[in-house]
Protein chains: 2
Amino acid sequence: MLPESAADSPNARILETARRQLFAYGYNALTMDDLAHELGISKKTLYLHFPGKDAIIGLIIEGIGRTIRAEMEAVLNDAALNFAQKLRGVVDVVAPRLAQTSPAMLRELQRYAPRIHQKIDELRQKNIPYVFGRLFRAGIAEGAVRADLDPDFAAQFWLQAMRGLTHPDTLATTHLTPRQTLEKALELFTGGLLTPGGRKDYEKLFPR
Amino acid sequence: MLPESAADSPNARILETARRQLFAYGYNALTMDDLAHELGISKKTLYLHFPGKDAIIGLIIEGIGRTIRAEMEAVLNDAALNFAQKLRGVVDVVAPRLAQTSPAMLRELQRYAPRIHQKIDELRQKNIPYVFGRLFRAGIAEGAVRADLDPDFAAQFWLQAMRGLTHPDTLATTHLTPRQTLEKALELFTGGLLTPGGRKDYEKLFPR
DNA sequence: ACTTTGGATACTACTATAGTTTCCTAAGAT
DNA sequence: ATCTTAGGAAACTATAGTAGTATCCAAAGT
């Protein structure tokens, strides 16, 4: 009955295994039978740790959200970075996550676990305006972003654009992956967003 | 009752729509209800054209196989190409197909439609030895491939390596996409395959 | 010996969907 | 105007897959 570290508690191990399965094969392919088998425990024990499948996935999503949020904070709070570097940092945090989030999986969640899909959307709605609002304000303060625009509105604009663009049906139409969508949207958005000075810094860090 | 061209017959339209759904969202997400709805026809009419879901998918797979095979023939029969150019051509035929074949979809097929998965494997077992056997023989004839190796064995070697590497479970372990797997495997395989002369031609066309 | 922990697995309840059928409407034919 | 037929909408059936529960049993500690 020793108090266990959070890192290697049974719960953490279960969540980590489930996360791998989920991102590798999707929602339906992650069955409780398989998960228990993979972990070398019985379903009985599995249900002893978690009340159900959606609870597990919910915690996975929340964990990812927390991680991303923390990494974002680190970038935003680093006074040594200029605007373009912070933007680079923010994109580098998000891009790997998007790369392993397939349109197929999002669609599966939307269809078979709408509550989970909704939770992801809520996380985005909460975090994107916050992060990009701060980012744009910092950009304005240092003259890299046009001072005449409203940073919060710009953040919302970005959120709504990304929400629409990463919707499964849209992705099917554009034939783009979430990651490509991010890159293209970013190029477009910044092209109209930056002052000539900010544009130069940007181009150094995002070579064509 | 005019005879319809093969291109826009109802059957071709159904297959094309089903193919898009299949590659965009996977096997389970392709339901007969949705397919009929998408096509603007009733399930009754759909089942009038095809005996069932797996028949449709089987025809899709066969069609892709035929297309690839024809493109391969065109490359192999082009006397103007040297070995490295033919290899480049063959890879360029396969790579786009692999790019849209996700590990998740393969796994889904393996689990829910083992017959289909098996059919894909059979197509590979038939075509890879044939194509690469011919390719290697041509390479030997022009001195780009070591003359002391058996081209059919090399083709089998390649087949077996690719089969193992693109198995869903392997992909989950390597964290590679099928396409990355192809590129990495190709680099490795040719590195030990070519004479110094063939190696030079190869490096011109596959810059590091 | 007694108790506890947890694995294997049978079982239940439910959902999703492949495939079938029934009914009905509308457009062309007579 | 009536008849015929093609095909859409949707109800229906049968079945497979799986979330979640319960039962049984073996091993390890007490």
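Naming: A, B, ... by sequence-line order, numbering from 1 per chain.
- Between B:R19 and B:E16 there is a salt bridge, since a side-chain N of the basic residue sits under 4.0 Å from a carboxylate O of the acidic one.
- Geometric assessment of A:R69 against the ring of A:Y130 yields a positive cation-pi assignment under the 6.0 Å and 45° thresholds.
- With hydrogens and angles disregarded, no donor-acceptor distance shorter than 3.5 Å links the side chain of B:E187 to the backbone of B:K184.
- To the nearest angstrom, P of D:dG8 lies 15 Å from CD of B:E38.
- Atom-to-atom, CD1 of B:I41 to C1' of D:dA10 comes out at 15 Å; the value is rounded to the nearest Å.
- Contact annotation for A:L48: no contact, since no heavy-atom pair falls under 4.0 Å across all strands.
- In this structure, B:R88 is not positioned above the aromatic face of B:F83 in the sense of NZ or CZ being under 6.0 Å from the six-membered ring centre and within 45° of the axis.
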| request: Would you give a per-nucleotide map of nucleotides 19-25 of chain D, 5' to 3', where B means the base has a protein non-hydrogen atom under 4.0 Å away, S means only the sugar-phosphate does, and - means neither? | output: BBB-BB-
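- A side-chain donor-acceptor contact under 3.5 Å links A:Y27 and A:D54.
- Residues B:Q21 and B:D34 bring no donor and acceptor atom of their side chains to less than 3.5 Å of each other.
- In this entry the distance linking OH of B:Y112 with P of C:dT15 reads 18 Å, nearest Å.
- Summary of the strand contacts: B:R111 and B:T45 both lie near DNA chain D, and taking for each the nucleotide with the nearest heavy atom, the more 5' one is attributed to B:T45.
- The CZ atom of B:F50 sits 15 Å away from the P atom of C:dT20 (whole-angstrom rounding).
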